[in-house]
Amino acid sequence: MQNQYDLPGGLRRGARYDSIFYGAYAGETATFDIRVRFHFKRRLNPALLQKAADEALLAYPEFAVRPVIYKGRICYRQNDRHVRICDDDGKKLYFGTDGPDGTNGYLFVFLLRDKTLTLSLFHGLTDARGMIAYIVTVLWNYLREVFLPARWMKPLYFEKFGIRFDRHMFDEMQDTERYDPLVHFAKPGDPVDLIDTARLFRLPPEPDDAAAGTCRLLNLEISNEQFLQKTKQLGTSFAPLLAALTARAVAGLADVGDRIISVVTTVDGRRLLPTNSLGNMAYNCPLPVEKQDLSLPLAELCRKLREDMRSQVTAENAAKTYSFILRQCDEIDAMGDIRDVNAALTGPNGLKTLTTNGTLFLTYPGKVGNNAISRVLLESVTPGMLAMERAIVVYSHRDSMIVQLTQKSDDMSLILALRRELEKEGFKPRMHDLGRITQNVLALSKLPVAAETEAG
């Protein structure tokens with residue numbers, strides 16, 4: 001039965017949100033390459049890993065696609081090729097393309113090196129929740145191949161978090177919900193706005209070329225249990241405490257004066273609007289810190305930030321935020337062909353930042369639980385988000401909490417300032433320099449174009 005997203009010639013319409021991701025976050029210099037890296041206890045079996053990755057896609061049909069440009073818009077065509085697994089050798093790959101520097105047409109690729117496996121994914125496909133859901137299914141399939149007792153275990157623990165092992169979660173949704181969750185959940189109105197952009201403090205431009213095709217990844221590793229105890233001591237939670245320490249680190253680099261430091265955390269809308277959709281649903285939650293706030297005791301600063309979060313982390317605000325995002329998509333669509341839009345937004349006179357109301361991004365996808373996959377297969381987990389500007393991503397796994405700074409330059413001032421703030425609160429951060437990492441990119445010029453005759 002044909003749904004409202006089907007087009008002739010085997011094409012499917014893209015999501016409305018695609019206008020932003022492909023318009024502003026694609027291109028040789030702006031691609032949003034989100035990653036997670038797993039360190040395994042034993043060397044991986046490539047053949048079994050290939051089988052696990054291919055079979056996992058049966059539960060994620062919306063990921064088994066290749067992007068196609070049709071009538072100036074992003075559409076998708078079913079992709080039946082093997083998921084690409086290639087050497088993690090630092091060579092740049094192009095999402096959505098074929099050939100030696102492609103990804104077998106997919107918007108993601110696995111990078112393999114010794115005992116390390118990295119999932120690299122273009123953010124236009126899904127957000128961190130969708131990325132983690134797919135990789136958990138892959139790892140479960142792999143566990144069943146290499147650890148025989150797992151074949152008699154049922155994945156009920158994972159299913160309650162929306163992890164899929166067959167198509168039923170996908171098939172139970174309506175067309176709009178599965179492919180276009182913002183359209184499905186959006187409601188009229190203006191979202192909560194706590195940031196006076198006229199007073200926003202912006203970090204100075206990075207000294208290195210923003211067009212460089214690599215990012216420098218710097219990790220601070222601390223005890224997850226110690227951080228949890230700190231949140232209990234302060235009567236707060238992970239995100240407000242991380243935001244408070246980040247704001248203090250930023251303030252330690254410059255006199256902010258009467259300007260606002262805005263630490264932008266991200267919210268998974270599925271926490272508020274229950275759904276099994278894996279379309280992009282994360283939205284920004286800016287947390288303002290002014291100069292007078294910096295002198296507050298840490299518990300009071302965290303209390304303020306937690307209240308600011310609560311005002312934004314509601315179903316009503318999520319729905320209104322989606323409406324705001326869709327209005328931005330309308331503005332982009334009105335500019336014309338997505339290729340022309342992308343050239344304008346990512347060119348010399350285009351966007352200079354990912355957000356207009358933030359000083360620094362801070363993403364905390366949460367804790368990777370101590371489950372069967374972790375206990376049997378994994379030594380550690382670390383993030384690896386490669387974006388067009390500085391950002392902080394935090395992952396927790398067992399007692400390891402990784403606070404990662406991704407940046408274009410080799411300037412160490414921000415990571416050292418953040419380390420000082422952690423040390424002031426009694427933590428003992430261990431610093432790991434992962435060096436420069438090559439970004440994989442989504443270049444619209446390399447995507448196939450479907451002629452109107454081809455698509456009917």
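Keep in mind that what you see is a predicted model, and the values were worked out from it rather than measured.
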Given Arg216 and Asp411, is the salt bridge (Lys or Arg N to Asp or Glu O under 4.0 Å) satisfied, shown in steps? CA-CA 9 Å; Arg216 180 93 175 261; Asp411 178 23; over 6 Å; no
Show your reasoning for whether side chain to side chain contact (heavy atoms under 4.5 Å, CB included) applies to Leu287 and Val289. CA-CA 7 Å; Leu287 302 177; Val289 178; 5.7 Å; no
Evaluate Leu405 against Leu418 for side chain to side chain contact (heavy atoms under 4.5 Å, CB included), listing each step before the verdict. CA-CA 10 Å; Leu405 175 64; Leu418 189 55; 5.9 Å; no
Walk me through whether Met281 and His184 qualify under side chain to side chain contact (heavy atoms under 4.5 Å, CB included). CA-CA 11 Å; Met281 289 185 67; His184 184 78; over 6 Å; no
Salt bridge (Lys or Arg N to Asp or Glu O under 4.0 Å) evaluation trace for Lys320 with Asp193: CA-CA 11 Å; Lys320 290 180 177 179; Asp193 183 4; over 6 Å; no
Side chain to side chain contact (heavy atoms under 4.5 Å, CB included) between Asp33 and Phe95: does it pass, once the steps are laid out? CA-CA 10 Å; Asp33 176 3; Phe95 293 119; 3.9 Å; yes
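Looking only at atom types and distance, the side chain of Ser400 has a donor-acceptor partner in the side chain of Glu221 under 3.5 Å away. No side-chain donor-acceptor contact under 3.5 Å links Gln328 and Tyr17. A side-chain donor-acceptor contact under 3.5 Å links Gln4 and Thr176. Side-chain N/O atoms of Thr382 and Asn219 include a donor and acceptor closer than 3.5 Å. Side-chain contact, Gln229 with Gln233: no donor N or O sits under 3.5 Å from an acceptor N or O. Asn357 and Thr197 are not linked by any side-chain donor-acceptor pair at a separation below 3.5 angstrom, with hydrogens and angles left out of the test.
Here Glu423 does not pair with Arg420 in a salt bridge; the nearest charged N to carboxylate O distance is not below 4.0 Å. Using a 4.0 Å cut-off between charged side-chain N and carboxylate O, Glu307 and Arg310 make a salt bridge. Ion pairing between a basic and an acidic side chain is recognised when a charged N comes within 4.0 Å of a carboxylate O; Lys304 and Glu290 show no such pairing. Looking at Arg248 and Glu425, a side-chain N of the basic residue comes within less than 4.0 Å of a carboxylate O on the acidic one, giving a salt bridge. A salt bridge links Asp255 with Lys291: the distance from a Lys NZ or Arg NE/NH1/NH2 to an Asp or Glu carboxylate oxygen falls below 4.0 Å. The pair Asp18-Arg13 fails the salt-bridge criterion, with no side-chain N (NZ, NE, NH1 or NH2) lying under 4.0 Å from an Asp/Glu carboxylate O.
Residues Pro67 and Leu107 share a closest heavy-atom pair of CG-CD2, 3.9 Å. Arg16 approaches Asp180 most closely through the heavy-atom pair N-OD1, 2.9 Å. In terms of heavy atoms, Arg73 sits closest to Asp333 at NH2-O, 2.9 Å. Between Gly27 and Val441, the shortest heavy-atom contact is O-CB, 3.9 Å. Closest non-hydrogen pair, Met173 versus Met169, comes out as CE-O, 3.4 Å. When every heavy atom of Arg129 is checked against every heavy atom of Asp268, the shortest pair comes out as NH1-OD2, 3.1 Å.
Considering only heavy atoms from C-beta on, Met401 comes within 4.5 Å of Leu242 through its side chain. Considering only heavy atoms from C-beta on, Val83 comes within 4.5 Å of Phe108 through its side chain. Side chains of Arg12 and Cys75 form no contact here, defined as non-hydrogen atoms less than 4.5 Å apart. A heavy-atom distance below 4.5 Å is found between the side chains of Ile69 and Arg339. No side-chain heavy atom of Ile74 sits under 4.5 Å from any side-chain heavy atom of Phe21. Between Tyr283 and Thr266 the shortest side-chain heavy-atom distance does not fall below 4.5 Å. Side-chain contact between Phe170 and Arg164: present, with at least one pair of heavy atoms (C-beta onward) separated by less than 4.5 Å. Looking at Phe427 and Glu421, their side chains never come closer than 4.5 Å, going by heavy atoms from C-beta outward.
No donor-acceptor distance shorter than 3.5 angstrom exists from the side chain of Tyr395 to the backbone of Gln404, with no hydrogens or angles considered. In this structure, the side chain of Thr359 engages the main chain of Ser262 through a donor-acceptor pair within 3.5 Å. Checked by atom type and distance alone, the side chain of Asp127 pairs as donor or acceptor with a backbone atom of Ala282 at under 3.5 Å. Judged by distance alone, the side chain of Arg306 and the main-chain N or O of Gly235 form a donor-acceptor pair under 3.5 Å. Arg271 places no side-chain N or O within 3.5 Å of a backbone atom of Thr314 that could act as its donor or acceptor partner. The closest donor-acceptor contact from the side chain of Thr126 to the backbone of Leu278 lies under 3.5 Å. Thr265 contributes no side-chain N or O that, together with a main-chain N or O of Leu362, makes up a donor-acceptor pair within less than 3.5 Å. Side chain of Gln226 to main chain of Gly426: a donor-acceptor pair is present (N/O by atom type, distance under 3.5 Å, no hydrogens or angles). In this structure, the side chain of Asp88 does not engage the main chain of Leu111 through any donor-acceptor pair within 3.5 Å. The backbone N or O of Leu386 sits less than 3.5 Å from a side-chain atom of Gln439, completing a donor-acceptor pair.
For an aromatic pair to be called close, the ring centres must be under 6.0 Å apart, and Phe238 with Phe227 satisfies this. Taking the centre of each ring, Tyr5 and Tyr179 come in below the 6.0 Å mark. Checked against the 6.0 Å centroid criterion, the rings of Tyr22 and Phe122 qualify as a close aromatic pair.
The 12-atom threshold is not exceeded at NZ of Lys115, counting heavy atoms of other residues, nucleotides or ligands nearer than 6.0 Å. Open room surrounds CD on Gln174; 12 or fewer heavy atoms of other groups in view lie less than 6.0 Å from it. Annotation for Phe324: atom CZ does not count as buried by contact number, only 12 or fewer foreign heavy atoms lying within 6.0 Å.
Taken to the nearest 0.5 Å, the CD atom of Gln407 stands 7.5 Å off from the CE atom of Met412. Separation of atoms CD1 (Ile135) and CZ (Phe38) is listed at 5.0 Å; rounding is to 0.5 Å. Atom CG in Leu112 sits 9.0 Å away from atom OG1 in Thr118 (nearest 0.5 Å). Taken to the nearest 0.5 Å, the CD atom of Glu172 stands 11.0 Å off from the OG1 atom of Thr275. The CZ atom of Arg35 sits 9.5 Å away from the OG1 atom of Thr406 when rounded to the nearest 0.5 Å. To the nearest 0.5 Å, the span separating NZ on Lys232 from CG on Leu234 amounts to 13.0 Å.
Using cut-offs of 30° and 60° on the angle between ring planes, the pair Phe110 and Tyr134 is tilted. Under the 30°/60° scheme for interplanar angles, the aromatic rings of Phe63 and Tyr60 are found to lie parallel.
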